[in-house]
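The block underneath contains the structure these notes are about, expressed in structure tokens.
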Amino acid sequence: MGRLILNRVPMKKRDPKERIKTFEEVALGYTPEEAIKEAERCILCKRPPCVKGCPVNIDIPAFIALIQQGKFVEASKKIKENNPLPAMCGRVCPQEEQCEEVCIIGKKGEPVAIGRLERFVADYEAAQGEVEIPEIPPPTGFKVAVIGSGPSGLVCASELVQMGHKVTIFEALHKPGGVLMYGIPQFRLPKEIVAREIDYVKRLGVEIVTNFIVGKTMTLDELREKEGFDAFFVGTGAGYPRFMGIPGENLLGIYSANEFLTRVNLMKAYMFPEYDTPVKVGDRVIVVGAGNVAMDAARCALRSGASEVTIVYRRSWKEMTARIEEIENAKEEGIKFMILHNPVAFYGDESGWVRKAELIKMELGEPDESGRRRPVPIKGSEFRVPVDTVVEAIGQVPNPVVPQTTPGLKTTRWGTLVSSPTTGATTKEGVFTGGDIMTGAATVILAAGTGKVAAKYIDYYLRNRDKPGVWEELTKDIKE
Amino acid sequence: MGYKIVKKRVLGPDSKMFVIEAPYVARNAKPGQFIILRVNERGERIPLTVAGSDREKGSVTIIFQEVGKTTKLLGTLEEGDEILDFVGPLGKPTEIENFGTVMTLGGGFGTAVLYPLVKAIKEKGNYVITAIGARTKDLVILEDEMREISDEVYITTDDGSYGRKGFVTEVLADFLKEGRKIDRVFSVGPVPMMKATANVTKPYGVKTIVSLNPIMVDGTGMCGACRVEVGGKTKFACIDGPEFDAHEVNFDLLMKRLGMYREEEKASLERFLEEIKKSGRA
Ligand SMILES: Cc1cc2nc3c(=O)[nH]c(=O)nc-3n(C[C@H](O)[C@H](O)[C@H](O)COP(=O)(O)OP(=O)(O)OC[C@H]3O[C@@H](n4cnc5c(N)ncnc54)[C@H](O)[C@@H]3O)c2cc1C
Ligand code: SF4
Ligand code: FES
């Protein structure tokens, strides 16, 4: 191979002018030739740093080597040894802070496009027809309830069912998939792909019960006592929206990102009136925040008819938490950015509609607990801008319904479940956790990874629960 | 897989009652709670109060008024048909104790929402005075049912076509003026009526509970569409309510927020009526 190729093979995308008119997927993926060409940039390190950078330690050089040989389906299977959701992770993982950040080639040029390759092989495999179901071992007789059908729940359930346990997923909404379904928009993660993964989980034998809110429809303890579940996985995510708590916040036209995205993605408001759920997007939209959620909301607003969409962020470019690719996409599409600004109040007209946002300029001070420089308001710098719609995307915390209705389940002051970082076991015997309600709002791959770990220890627990001290062992590194 | 309508009853010109097979919801449903349903794949999610539930039969009763596209569409369904999604019970159950004398007010269609409450309040041994009001005689619903479970029943109509001419709140105001002892008031109906109730009872310091009906999406605390202002603080009606202390509620805000999609609702309804016309149904 010899010479290093410093630049990546570019991935085709829809033209920004065209794509802002539709919800079709923006990135179009590699062709087989492009994939092989990109794969050949990888020097197959003996001690690959990328594998350590990956939260679930995919054997990256191994799957890339298979691509180099044109063995795409084998490459996909290789990834699935560690990550059951490659088509999704290839699209939504923040690779630039994970595997690609530490890729050797990245020291001299652009890192190998690991994410694009992951996505390519997963799509390639799916295009070959229905993915085969592995052989399932004989039933163990144990029943496990998985609460929430986001990535953590889906992965945990599919692992457990492949160990011979009977698994039921309980989902509050009418469609499974969690954030993958209601949050991340079609143009970034087509729902057909999410549906395909869910279908696979069902074909493995997992039962999915939708329209079932654990804590309301039935409590966790009722499921244990009346329905005979032996163990539980709580993967209810971080779906409770935070509001800024500033004057005028309840004016009409002000949405939480969750509501805005749920209307658009889950309820398909972009197809109103064919679909019954509306969303109101005025001419001038501001989106507060600069994470993935904010980028998604801004780009949905643009596609729903806004003429000007502005991201308002209190810190600077460097601190933005969204994937770099999505920030680039947003810029290409004409989203404006007002960094180092923050809303302090909203003003409405007589009928209660938001009309103006009062913003204040910010500057960066000393680093805070997160290591990022703290934004400090500049006194007297307030000014007002006209707005018609506001979306607040300033973060989500865990939904309190399950913890509040399950005696014995302890939470931290951030609302996450107190649990063992190595096993996912919580403060209540037989109950495990993973995903955002364990870690705080994080990523799809971390959710998948923690779901997988929990499955392993749920299996261990079920097979050994009659032995004394098993729960103590599983929870010994819990720190409260 | 859907949720079967096992019984349908027409209550008034625009109001219907369905008994729906939903064993999981029936199991834990309590007065004051609600459900969310979605009629079909393209449908929106709408909240409706649980009007009754039968654990043994695994069924839940809902009563609804046909006001928009979704409720009109729902009204076209017949016994044996299925509703695609039906989830609950949602919200907090009503706090019911033996308060003594309780006055319950139902305005218009709110009477349907009030009915299960009255039943539960009576079962706790309270003396129950019920006043139900409607615009006109035809729109008075559940009168017989209310008479069966209340100690006293008063009817008002805006146009005087039945019962006393005027508003239910006037009945309440008279009692309070006369010095009749009322320990608690429950009021369910249009926002102006609930606001009026709050204004009537406030000077007397009679604790008053209202059931709010903001726009909702998920009903589980995930979106904030249902936010209301209570005691100057933002609350999510779906998980913190739907019942709140009337003296603390910002009714003007609620009224405005309810109108957020007025144009879209109108467009959607017109489109639906047009479709019905074309398809020859009616
Ligand atoms: C708009 C948006 C964009 C994002 N973009 C990215 C990205 O690009 N890359 C990335 O890696 N991550 C991204 N994330 C984060 C990522 O989606 C989450 O970290 C991940 O989905 C968490 O998975 P989870 O399994 O913990 O739960 P979730 O996906 O949150 O799913 C939880 C599920 O549990 C259900 N539930 C909740 N309570 C109950 C109950 N009581 N009973 C039954 N069911 C219940 C919910 O309805 C939901 O379906 C994004 C998040 C959002 C909101
Ligand atoms: S670090 Fe980069 S070059 Fe090395 S194996 Fe991983 S992807 Fe290939
Ligand atoms: S309806 Fe979504 S939070 Fe209440």
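By convention in this document, chain letters (A, B, ...) are assigned in the order of the sequence lines, proteins followed by strands, and residues within each chain are numbered from 1. Remember, it's a predicted structure, so these values are computed and weren't measured experimentally.
- The pair E44(B)-K268(A) does not meet the salt-bridge criterion, since no charged nitrogen lies less than 4.0 angstrom from a carboxylate oxygen.
- Note on P241(A), G215(A), G352(A): by heavy-atom pairs under 4.5 Å with chain B, the leading option is P241(A).
- Heavy atoms closer than 4.5 Å to chain B are found nowhere in L266(A), neither backbone nor side chain.
- Using a 4.5 Å cut-off between heavy atoms, I46(B) makes no contact with chain A at all.
- A distance-only check finds a donor-acceptor pair linking the side chain of N258(A) to the backbone of M222(B) [under 3.5 Å].
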Full working for side-chain contact (heavy atoms from CB on, under 4.5 Å) between M260(B) and W353(A): CA-CA 9 Å; M260(B) 181 147 169; W353(A) 278 92; 3.9 Å; yes

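- Side-chain contact between I254(A) and R227(B) is present, with heavy atoms from C-beta onward closer than 4.5 Å.
- Comment: E227(A) engages R27(B) in a salt bridge, judged by a side-chain N to carboxylate O separation of less than 4.0 angstrom.
- Counting heavy-atom pairs closer than 4.5 Å to chain A, the top residue among G68(B), G219(B), G91(B) is G91(B).
- No more than 12 heavy atoms of other residues, nucleotides or ligands sit less than 6.0 Å from atom NZ of K119(B).
- Atom-to-atom distance recorded for E259(A):CD and M216(B):CE is 11.5 Å, nearest 0.5 angstrom.
- Within the model, atoms CG of N399(A) and CD1 of I239(B) stand 6.0 Å from one another, a figure rounded to the nearest 0.5 Å.
- The CG atom of L84(B) sits 8.0 Å away from the CG atom of N211(A) when rounded to the nearest 0.5 Å.
- Residue I35(B) holds its CD1 atom at 11.5 Å from OG1 of T217(A), rounded to the nearest 0.5 Å.
- For chain B, no part of Q396(A) is nearby; none of its heavy atoms comes within less than 4.5 Å.
- Using a distance-only test at 3.5 Å, with no hydrogens or angles considered, no donor-acceptor pair links the side chain of K280(A) to the main chain of Y261(B).
- Between chain B and the options E249(A), M271(A), M267(A), the largest number of non-hydrogen pairs under 4.5 Å is found for M267(A).
- With a threshold of 4.5 angstrom between heavy atoms, F260(A) does not approach chain B through any atom at all.
- Here G221(B) is the residue among A267(B), S268(B), G221(B) with the most heavy-atom pairs under 4.5 Å with chain A.
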Evaluate the side-chain contact (heavy atoms from CB on, under 4.5 Å) criterion for residues L252(A) and R257(B): first the C-alpha distance (whole Å), next the side-chain angles of each, then the deciding distance (0.1 Å), finally the verdict. CA-CA 6 Å; L252(A) 283 72; R257(B) 287 188 63 87; 4.1 Å; yes

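- Atom CZ of residue R38(B) and atom CG of residue L173(A) lie 10.0 Å apart, to the nearest 0.5 angstrom.
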Any chance you could lay out the side-chain contact (heavy atoms from CB on, under 4.5 Å) test for R263(A) and V217(B), step after step, and finish with the verdict? CA-CA 8 Å; R263(A) 283 181 180 271; V217(B) 181; 3.6 Å; yes

Evaluate D218(B) against T262(A) for side chain to side chain donor-acceptor pair (under 3.5 Å), listing each step before the verdict. CA-CA 9 Å; D218(B) 58 297; T262(A) 301; over 6 Å; no

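- The neighbour count for E263(B) CD, taken as heavy atoms of other residues, nucleotides or ligands under 6.0 Å away, does not exceed 12.
- Between N28(B) and M218(A), the closest heavy-atom pair is ND2-CA, 3.8 Å.
- Of the residues R45(B), K69(B), R42(B), the one that meets the side-chain hydrogen bond (donor to acceptor under 3.5 Å, both in side chains) test with D276(A) is K69(B).
- Neither the backbone nor the side chain of I36(B) comes within contact range of chain A; no heavy atom of the residue lies under 4.5 Å from a heavy atom of that chain.
- Surrounding CD of E95(B) are at most 12 heavy atoms belonging to other residues, nucleotides or ligands under 6.0 Å away.
- Ranking V87(B), T70(B), N40(B), T220(B) against chain A, the residue ahead of the rest is V87(B), based on heavy-atom pairs under 4.5 Å.
- Between K175(A) and E41(B), at least one side-chain nitrogen of the basic residue sits less than 4.0 Å from a carboxylate oxygen of the acidic one, meeting the salt-bridge criterion.
- Sparse packing is recorded around NZ of K4(B), with 12 or fewer heavy atoms of other residues, nucleotides or ligands lying under 6.0 Å away.
- Heavy atoms of E265(B) lying under 4.5 Å from chain A are absent altogether.
- Aromatic ring orientation, Y24(B) versus F212(A): perpendicular (interplanar angle above 60°, classes split at 30° and 60°).
- Contacts of F236(B) with chain A are made by side-chain atoms alone, with heavy-atom separations under 4.5 Å and no backbone atom involved.
- Rounding to the nearest 0.5 Å gives a distance of 10.5 Å between SG of C223(B) and OH of Y182(A).
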